Engineer: 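Pasting in a structure now, in structure tokens, and then I'll have a few things to ask.
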Number of protein chains: 2
Amino acid sequence: MADRPYHHGRLRAALLAEAERTLREGGAEALSLRDLARQAGVSHAAPRRHFADRQALLDALAEAGFVRLGEEVGAAIDDAGEDWEERLRAAAAAYVRFATQDAALMELMFAAKNAAGRSAALREASVPLFTAVGDLIGQAQQAGALPRGDPWRLRLLLVATLQGIATLVTSGRVPAGQTDALIADAVVLFTRS
Amino acid sequence: MADRPYHHGRLRAALLAEAERTLREGGAEALSLRDLARQAGVSHAAPRRHFADRQALLDALAEAGFVRLGEEVGAAIDDAGEDWEERLRAAAAAYVRFATQDAALMELMFAAKNAAGRSAALREASVPLFTAVGDLIGQAQQAGALPRGDPWRLRLLLVATLQGIATLVTSGRVPAGQTDALIADAVVLFTRS
DNA sequence: ACCTGAACACCGTTCAAGT
DNA sequence: ACCTGAACACCGTTCAAGT
């Protein structure tokens, strides 16, 4: 690292990787472009080439977060057995686990200032997540494990419930060790309605 | 304001009031202690007497937010008719309305860094909200409008659902005009399970 | 195409000193 | 008890200049 070349080569990726770590350890407020540049061994103005401003970096983090959340929830569903209630529980557990391990990232992903049409990229990045949950619901309905009804609205309601549980857990309002019980309650709520 | 006395007199209250306004208009990131001091006509070091640091001000805002949310949800329940489903819907609508109008404040209230036992005052401030929801659930259960089961767990699940809906709405993931339908769906989910 | 270095206008926080 | 003013160490952002 003493004789680093003038061009970093992977500065954007390096900044993002380091930012994810800082975000996990100290929250979004601990993220400083100057500090990231320092840790990448680059001048404080160098990140500007890759991120127009600090918000652009946060946007990129949120975007990557949605992609990974979609992957993890999808994988959890696939890895679960064939029982629909079990699959729903696996999806919910994966969602809450992600939120617990990356609480600050989750806050970025659902920040109000990133609302609606603010970022087409962010909306697009969250498609796999919503698709995975939507597919699960549609199939569970066909199998008779979930009540009929507009699958779109049911999908939105399920994601809302998972997101709410995640928020209560990460904000410390669910007693330790009660998380799984709360998730199980939520799944029962949907399957028995 | 030209000949303001040396002692402001109500500096703490003035800072909080102005901070609430800034929070609503520009989010937590727009909150600057120096700027608040300026708007109060006081030196930049004066707020220190009332708030140990910036985080202490944010904590106080979150605390006041929980008190007000508890009041508004409680009032909505009281103002609703005697029908339990209608009362649940009124509580949910009040919760989401609060979150919509004060999205940045809501984020402060449920921030992960304010977790668990971090602030006894914050926990205490949220008691009326949880009590109002808990009482509603207990009474609806006794009236047969909600299924039996541990009311504590049901209370947590209901708050989680409301919080999740609020987050999806403020983060722009619920299509405009679909909010009421989502709230109605949530209430049906609880009453028919 | 990518990065540097200096400059600007802001912060939060601290602390001796004033009223 | 409450507030001021100067000081310190940080920021994000901009821009001419370097490679």
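Hydrogens, waters and symmetry mates are skipped; everything else that's a heavy atom, side chains included, is used. Computed from a predicted model, the values in this text were never measured in an experiment.
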Engineer: Between CE of A:Met109 and CG of A:Leu129, what distance do you get to the nearest 0.5 Å?
Structural biologist: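 Between atom CE of A:Met109 and atom CG of A:Leu129 there are 7.0 Å.
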Engineer: Using whole Å, report how far CG of B:Leu15 lies from P of C:dG12.
Structural biologist: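 My rounded result for the distance is 12 Å.
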Engineer: May I ask you to verify if any side-chain N or O of B:Ser32 is less than 4.0 angstrom from the OP1 or OP2 atom of C:dC10?
Structural biologist: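 Answer is no, no contact under 4.0 Å.
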Engineer: Taking atom P of D:dG12 as reference, at what distance in whole Å does atom CD of A:Glu29 sit?
Structural biologist: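 In whole Å, D:dG12 P lies 13 Å from A:Glu29 CD.
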Engineer: Quick check: do A:Pro151 and A:Gln141 have side-chain heavy atoms less than 4.5 Å from each other?
Structural biologist: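 Yes, side chains in contact.
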Engineer: For a stem of at least 3 consecutive Watson-Crick or G-U pairs with distances under 3.5 Å, i pairing with j, i+1 with j-1 and so on, which stems involve DNA chain D?
Structural biologist: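 Paired runs of 3+ in DNA chain D: C:4-8 with D:12-16, C:12-16 with D:4-8.
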Engineer: Test the B:Arg123-B:Phe66 pair against the cation-pi criterion, namely NZ or CZ under 6.0 angstrom from the six-membered ring centroid and within 45° of the ring axis.
Structural biologist: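 Verdict for B:Phe66: no cation-pi partner in B:Arg123.
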Engineer: Any side-chain N or O of A:Ser43 less than 4.0 Å from the OP1 or OP2 oxygen of C:dG5?
Structural biologist: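 For C:dG5, OP1/OP2 do not have a side-chain N/O of A:Ser43 under 4.0 Å.
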Engineer: I'd like to know if the side chain of A:Asp83 reaches the main chain of A:Glu86, judged simply by a donor and an acceptor atom lying under 3.5 Å from each other, with no hydrogens or angles considered.
Structural biologist: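 Between the backbone of A:Glu86 and the side chain of A:Asp83 there is a qualifying donor-acceptor contact (under 3.5 Å).
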Engineer: Would you say the side chains of B:Gln139 and B:Asp135 form a donor-acceptor pair under 3.5 Å?
Structural biologist: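 There is no such pair (donor and acceptor under 3.5 Å, judged by atom type) between the side chains of B:Gln139 and B:Asp135.
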Engineer: To the nearest 0.5 Å, what is the distance between CZ (A:Arg10) and NE2 (A:His50)?
Structural biologist: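 A:Arg10 CZ to A:His50 NE2: 13.0 Å, rounded to 0.5 Å.
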Engineer: Report which part of the nucleic acid B:Arg38 touches: base, sugar-phosphate, or nothing (heavy-atom distance under 4.0 Å, all strands).
Structural biologist: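 It contacts sugar-phosphate atoms only.
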Engineer: What's the CG-C1' distance between B:Leu57 and C:dG12, to the nearest Å?
Structural biologist: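 B:Leu57 atom CG is separated from C:dG12 atom C1' by 12 Å.
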Engineer: Once you round to the nearest 0.5 Å, how far does CD of B:Gln39 lie from OG1 of B:Thr22?
Structural biologist: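 So the gap between those two atoms works out to 5.5 Å.
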Engineer: Between B:Leu36 (CG) and C:dC10 (P), how many Å, whole number?
Structural biologist: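 Roughly 16 Å, once rounded to whole Å.
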Engineer: What is the distance from atom CG of B:Leu15 to atom CZ of B:Phe51, rounded to the nearest 0.5 Å?
Structural biologist: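 Separation between the atoms: 6.0 Å.
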Engineer: Taking N or O atoms only and anything under 3.5 Å, show me the protein contacts with nucleotides 13-15 of chain C, one pair per line.
Structural biologist:
unit_1 : atom_1 : unit_2  : atom_2 : d
C:dT13 : OP2    : B:Arg54 : N      : 3.0
C:dT13 : O4     : B:Arg34 : NH1    : 3.1
C:dT13 : O4     : B:His44 : NE2    : 3.4
C:dT14 : OP2    : B:Arg48 : NH1    : 3.1
C:dT14 : OP2    : B:Arg48 : NH2    : 3.1

Engineer: Nearest whole angstrom, please: distance from the C1' of D:dA16 to the CZ of A:Arg49.
Structural biologist: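 The distance from CZ of A:Arg49 to C1' of D:dA16 comes to 12 Å, rounded to the nearest Å.
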Engineer: Would you check if there is a donor-acceptor pair between the side chains of B:Tyr95 and B:Glu72 at a distance under 3.5 Å?
Structural biologist: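 Result is no, nothing qualifies.
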